[in-house]
Amino acid sequence: MTQQSLTGLRVIDASRVLAGPYCAQILGDHGADVIKVESPDGDETRSFGPPVKDGSAAYYHSLNRNKRGIVLDLGREAARDVFWRLVAGADVLIENFKASTLRSWGVADPEEIGHRYPRLVHCRITGFGDDGPLGALPGYDAAVQAAAGLMATNGEAEGPPMRLGIPAVDLSTGMQAAIAILAALQERNRSGLGQLCDIALYDCALSVAHPHLANYLWSGTEPRRHGNGHPNLAPYDAFETRTGWIYICVGNNRQFRTLCEHLGQPEIAADPRFRSNLARTEHRDALTSILRAALAGIDGPTFAEALLRLGVPCAPILGIGEAAAAAHTAHRAMVLEQDGYRGPGIPAKLRRTPGRFSRPPPRQGQHTQEILRELADGPEDIAALERAIAPGETLPQST
């Protein structure tokens, strides 16, 4: 097997739930040796279901492939000593511990970890950061969506604020964390030093509040909800056809003229109210009404594909099952099925050193003995490490 982009990189994933594990999985997909550290209770996403099968949830499986697993009760000093030995031999630590938890371990400030291990890239993921008016307070995706204005911009114009249907804050945080880690590793090639990557869900939520935050900062006007519409573009909306819903995305005047010609109504594009995007957004309601009437009797999927081939972004609105079964999904390998694993594919496709599936998500503590053998200086040290993390217990055999 050819080496991957991150082959040789060791990552300790001591995070839980979504953002951190997703970040670590990205690194694992591209060849990093990722060791997932769990408490005896396990990552809570193992029970985020339904669906749950064989004692583990799809939620957990979609975030933890390409990792090895070890259980450490970090409430015990002896187990923490093992943890710090793991960190000492790693390139990257990803964690989302509470600041109070770190203090109880004798780490007064998260930056102290970098002082102990100068080459370590330490990625710390929190809800709001460790300081400031909301510093050290807990943050889950939906609560941060609310606090960062995302819910206020989502939903129907006359309806209530609405949570985004995906955990966009956690997912964007995981991506930003991966970017930060790779940037810090690149800088380490020059300086020989690691650094702290301070990644807060709150910051990441504000960074993706586009274009609403940018519009507000320029205009001072509070954005209003547009439902399926776009605050800056028209027509950019969902439309019902005879055979289902489609979404039309018009980004310029040429695309608008093409849409009108494909509808057999070029006169719409010649209407002074609709000759520019600014005019179309000003007369959005009138334009939407005209297009709804024109589209109501057509075959949606056929129209959408033909329009797309004419250069106007458009697609039928599919269900998740339909999208998963789509021919282009298969062509892009975005449903990954291998060795009993079935989950989302790898989106970042490197041509020379591609990401790949190398191991399924670990059972809780599955690789404990294997990892301890790598960490130990000899047989006696292995026995001491086993006693440190599981006094009086028999560890599961690594597989």
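Worth knowing before you read on, the calculation uses all heavy atoms, side chains too, and leaves out hydrogens, waters and symmetry mates. Just so we're clear, the structure is a prediction, and the values are computed from it rather than from any experiment.
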Trainee: With heavy-atom distances below 4.5 Å as the criterion, would you say the side chains of Val34 and Ile94 are in contact?
Mentor: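 Heavy-atom side-chain distance check fails, nothing below 4.5 Å.
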Trainee: Please confirm whether the backbone N or O of Gly297 pairs with a side-chain atom of Arg242, one donor and one acceptor, at under 3.5 Å?
Mentor: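 Yes.
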Trainee: Of all residues at least two apart in sequence or in a different chain, which pass the ring pair (Phe, Tyr, Trp, His ring centres under 6.0 Å) check with Phe97?
Mentor: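 Testing Phe97 for ring pair (Phe, Tyr, Trp, His ring centres under 6.0 Å), a comparison that skips the adjacent residues, returns Trp105.
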Trainee: Please list every donor-acceptor pair under 3.5 Å in which a side-chain atom of residues 158-167 meets a protein atom from a residue at least two apart or in another chain.
Mentor:
none

Trainee: Would you say the side-chain atoms of Thr173 pair up with the backbone N or O of Val169, donor to acceptor, closer than 3.5 Å?
Mentor: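 Yes, Thr173 side chain to Val169 backbone: donor-acceptor pair under 3.5 Å.
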Trainee: Quick check for you: to the nearest 0.5 Å, what is the distance between Lys36 atom NZ and Asn64 atom CG?
Mentor: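 It is 4.0 Å, given to the nearest 0.5 Å.
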Trainee: Give me the atom names and distance for the closest heavy-atom approach of Val144 to Gly127.
Mentor: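 Minimum heavy-atom contact is CG2-O, 4.5 Å.
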Trainee: Tell me every residue that passes side chain to side chain donor-acceptor pair (under 3.5 Å) with Arg65, counting only those two or more places apart in sequence or in another chain.
Mentor: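 Testing Arg65 for side chain to side chain donor-acceptor pair (under 3.5 Å), a comparison that skips the adjacent residues, returns Asp29, Tyr341.
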Trainee: For Pro266, is there any backbone N or O sitting under 3.5 Å from a side-chain donor or acceptor partner on Glu261?
Mentor: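 Checking the backbone N and O of Pro266 against the side chain of Glu261, no donor-acceptor pair under 3.5 Å is found.
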Trainee: Tell me the closest heavy-atom pair linking Val82 and Ala388, and the distance in Å.
Mentor: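 Nearest heavy atoms, Val82 then Ala388: CG2-CB, 4.0 Å.
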Trainee: Side-chain contact, heavy-atom cut-off 4.5 Å: Arg46 with Ser56?
Mentor: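 Yes, their side chains come closer than 4.5 Å.
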Trainee: Return all side-chain donor-acceptor pairs below 3.5 angstrom for residues 301-314, not counting sequence neighbours, or 'none' if the list is empty.
Mentor:
unit_1 : atom_1 : unit_2 : atom_2 : d
Thr302 : OG1    : Asp299 : OD2    : 2.3
Glu305 : OE2    : Arg309 : NE     : 3.1
Glu305 : OE2    : Arg309 : NH2    : 3.0

Trainee: Using salt bridge (charged side-chain N to carboxylate O under 4.0 Å, His left out) as the criterion, list what pairs up with Asp130, not counting sequence neighbours.
Mentor: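 By the salt bridge (charged side-chain N to carboxylate O under 4.0 Å, His left out) rule, Asp130 matches Arg124.
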Trainee: For Ile35 and Arg10, what are the C-alpha separation, side-chain angles and deciding distance, and is it a side chain to side chain contact (heavy atoms under 4.5 Å, CB included)?
Mentor: CA-CA 8 Å; Ile35 297 175; Arg10 175 160 286 192; 4.0 Å; yes
Trainee: Tell me, with the steps shown, if Glu95 and His122 meet side chain to side chain donor-acceptor pair (under 3.5 Å).
Mentor: CA-CA 8 Å; Glu95 53 88 5; His122 172 197; 2.7 Å; yes
Trainee: Verify, without hydrogens or angle tests, whether Glu370 (side chain) and His367 (backbone) share a donor-acceptor contact under 3.5 angstrom.
Mentor: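 Here the side-chain-to-backbone pair does not exist.
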Trainee: So does Gly251 get a backbone contact from the side chain of Gln255, meaning a donor-acceptor N/O pair under 3.5 Å?
Mentor: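 Here the side-chain-to-backbone pair exists.
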Trainee: Which pair of heavy atoms, one from Leu150 and one from Ala205, lies closest together, and at what distance?
Mentor: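 Where Leu150 meets Ala205 most closely, the heavy atoms are CD2-O, 3.9 Å.
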Trainee: Keeping the roles fixed (side chain from Arg257, backbone from Ala269), state whether a donor-acceptor pair exists under 3.5 Å.
Mentor: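 Not a single qualifying donor-acceptor pair exists.
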Trainee: What's the verdict on side chain to side chain contact (heavy atoms under 4.5 Å, CB included) for Leu6 and Val11, showing C-alpha distance, side-chain angles and the deciding distance?
Mentor: CA-CA 10 Å; Leu6 300 180; Val11 177; over 6 Å; no
Trainee: Please list, chain by chain and in numerical order, all residues satisfying side chain to side chain donor-acceptor pair (under 3.5 Å) with Glu337, sequence neighbours excluded.
Mentor: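 Checked Glu337 against side chain to side chain donor-acceptor pair (under 3.5 Å); matches are Arg342.
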Trainee: Please confirm whether the backbone N or O of Asp285 pairs with a side-chain atom of Thr288, one donor and one acceptor, at under 3.5 Å?
Mentor: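 It does not hold such a pair.
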Trainee: Any side-chain heavy atom of Tyr236 within less than 4.5 Å of one from Tyr247?
Mentor: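 SC-SC contact between Tyr236 and Tyr247 confirmed.
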Trainee: Counting only heavy atoms from other residues, nucleotides and ligands, does the tally under 6.0 Å from NZ of Lys53 exceed 12?
Mentor: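 Open: at most 12 neighbouring heavy atoms sit under 6.0 Å from NZ of Lys53.
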Trainee: Indicate every side-chain donor-acceptor pair of residues 13-21 with a distance under 3.5 Å to a residue at least two apart or in another chain.
Mentor:
unit_1 : atom_1 : unit_2 : atom_2 : d
Asp13  : OD1    : Ser15  : N      : 3.1
Asp13  : OD1    : Ser15  : OG     : 2.5
Asp13  : OD2    : Lys67  : NZ     : 2.8
Arg16  : NE     : Glu44  : OE1    : 3.0
Arg16  : NH2    : Glu44  : OE2    : 2.5

Trainee: Please lay out, stage by stage, how Asp54 and Arg363 fare under the test side chain to side chain contact (heavy atoms under 4.5 Å, CB included).
Mentor: CA-CA 10 Å; Asp54 299 328; Arg363 299 188 305 277; over 6 Å; no
Trainee: When you measure from the side chain of Asn66 to the backbone of Ala32, do you find a donor-acceptor pair of N or O atoms at a distance under 3.5 Å?
Mentor: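 Between the backbone of Ala32 and the side chain of Asn66 there is no qualifying donor-acceptor contact (under 3.5 Å).
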Trainee: Can you name the ring pair (Phe, Tyr, Trp, His ring centres under 6.0 Å) partners of His331, sequence neighbours left out?
Mentor: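 So His331 forms a ring pair (Phe, Tyr, Trp, His ring centres under 6.0 Å) with His328.
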Trainee: For the residue pair Gln186 and Asn189, establish whether any side-chain heavy-atom pair is separated by less than 4.5 Å.
Mentor: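 Yes, their side chains come closer than 4.5 Å.
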Trainee: So does Asn277 get a backbone contact from the side chain of Thr281, meaning a donor-acceptor N/O pair under 3.5 Å?
Mentor: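 Yes: the side chain of Thr281 pairs with the backbone of Asn277.
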Trainee: Under a 4.0 Å threshold between the charged nitrogen and the carboxylate oxygen, would Asp237 count as salt-bridged to Arg284?
Mentor: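 No, Arg284 and Asp237 are not salt-bridged.
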Trainee: So which atom in Ala286 and which in Arg273 form the shortest heavy-atom distance, rounded to 0.1 Å?
Mentor: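 Closest pair (atom of Ala286, atom of Arg273, distance): CB-NH1, 3.8 Å.
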Trainee: Please determine whether the number of non-hydrogen atoms from other residues, nucleotides or ligands lying under 6.0 Å from atom CD of Glu380 exceeds 12.
Mentor: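 Check fails, neighbour count at 12 or below.
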Trainee: Are any non-hydrogen side-chain atoms of Arg359 and Gln366 less than 4.5 angstrom apart?
Mentor: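 Arg359 vs Gln366: side chains apart.
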Trainee: May I ask you to decide if the ring planes of Phe128 and Tyr202 are parallel, tilted or perpendicular, using 30° and 60° as cut-offs?
Mentor: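 It falls in the tilted class, 30° to 60°.
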Trainee: Would Val107 and Arg116 count as a side chain to side chain contact (heavy atoms under 4.5 Å, CB included) if you check the C-alpha gap in whole Å, the side-chain angles of each, and the deciding distance to 0.1 Å?
Mentor: CA-CA 10 Å; Val107 180; Arg116 292 188 194 180; 3.5 Å; yes
Trainee: Counting heavy atoms not belonging to Arg332, are there more than 12 under 6.0 Å from its CZ?
Mentor: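 Incorrect, the count does not exceed 12.
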Trainee: State, with a plain yes or no, whether a side-chain heavy atom of Leu74 is found less than 4.5 Å away from one of Ser39.
Mentor: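 No, their side chains stay 4.5 Å or more apart.
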Trainee: Output yes when a side-chain donor or acceptor of Ser276 lies under 3.5 Å from a complementary backbone atom of Ala279, and no otherwise.
Mentor: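 Yes.
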Trainee: Could you tell me which residues satisfy side chain to side chain donor-acceptor pair (under 3.5 Å) with Ser5, sequence neighbours excluded, listed by chain and number?
Mentor: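 Result, side chain to side chain donor-acceptor pair (under 3.5 Å) vs Ser5: Thr353.
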Trainee: Atom CZ of residue position Phe357 - does it have more than 12 heavy atoms of other residues, nucleotides or ligands inside 6.0 Å?
Mentor: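 It does: Phe357 CZ has more than 12 such atoms within range.
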Trainee: Run the ring pair (Phe, Tyr, Trp, His ring centres under 6.0 Å) test against Tyr22 and tell me which residues pass, sequence neighbours left out.
Mentor: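 Applying ring pair (Phe, Tyr, Trp, His ring centres under 6.0 Å) to Tyr22 gives none.
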Trainee: Should His262 and Ile298 count as side-chain neighbours, where that means a heavy-atom distance under 4.5 Å?
Mentor: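 No, side chains not in contact.
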Trainee: Atom CD1 of Ile389 and atom CD of Glu386: how far apart are they, to the nearest 0.5 Å?
Mentor: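 Answer rounded to 0.5 Å: 7.0 Å.
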Trainee: Hey, are the side chains of Pro235 and Leu287 touching, using non-hydrogen atoms and a 4.5 Å cut-off?
Mentor: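 Yes, their side chains come closer than 4.5 Å.
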Trainee: Ring pair (Phe, Tyr, Trp, His ring centres under 6.0 Å) with Tyr60: which residues, sequence neighbours excluded?
Mentor: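 Ring pair (Phe, Tyr, Trp, His ring centres under 6.0 Å) list for Tyr60, sorted by chain: empty.
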Trainee: Hey, could you give me the CG/OG1 distance between Leu72 and Thr368, rounded to the nearest 0.5 Å?
Mentor: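 It is 7.0 Å, given to the nearest 0.5 Å.
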Trainee: What is the distance from atom CG of Asn232 to atom NE2 of His226, rounded to the nearest 0.5 Å?
Mentor: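 Going from the CG atom of Asn232 to the NE2 atom of His226 covers 8.0 Å.
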Trainee: Would you compute the distance between atom CD of Gln4 and atom CG of Leu9 and round it to the nearest 0.5 angstrom?
Mentor: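 Going from the CD atom of Gln4 to the CG atom of Leu9 covers 12.0 Å.
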Trainee: Kindly write out the residues that satisfy salt bridge (charged side-chain N to carboxylate O under 4.0 Å, His left out) with Asp91, not counting sequence neighbours, or none if the list is empty.
Mentor: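 Only Arg188 meet the salt bridge (charged side-chain N to carboxylate O under 4.0 Å, His left out) criterion with Asp91.
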Trainee: How long is the gap from CZ on Phe48 to CG on Asp43, to the nearest 0.5 Å?
Mentor: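 Spacing of CZ (Phe48) from CG (Asp43) equals 7.5 Å.
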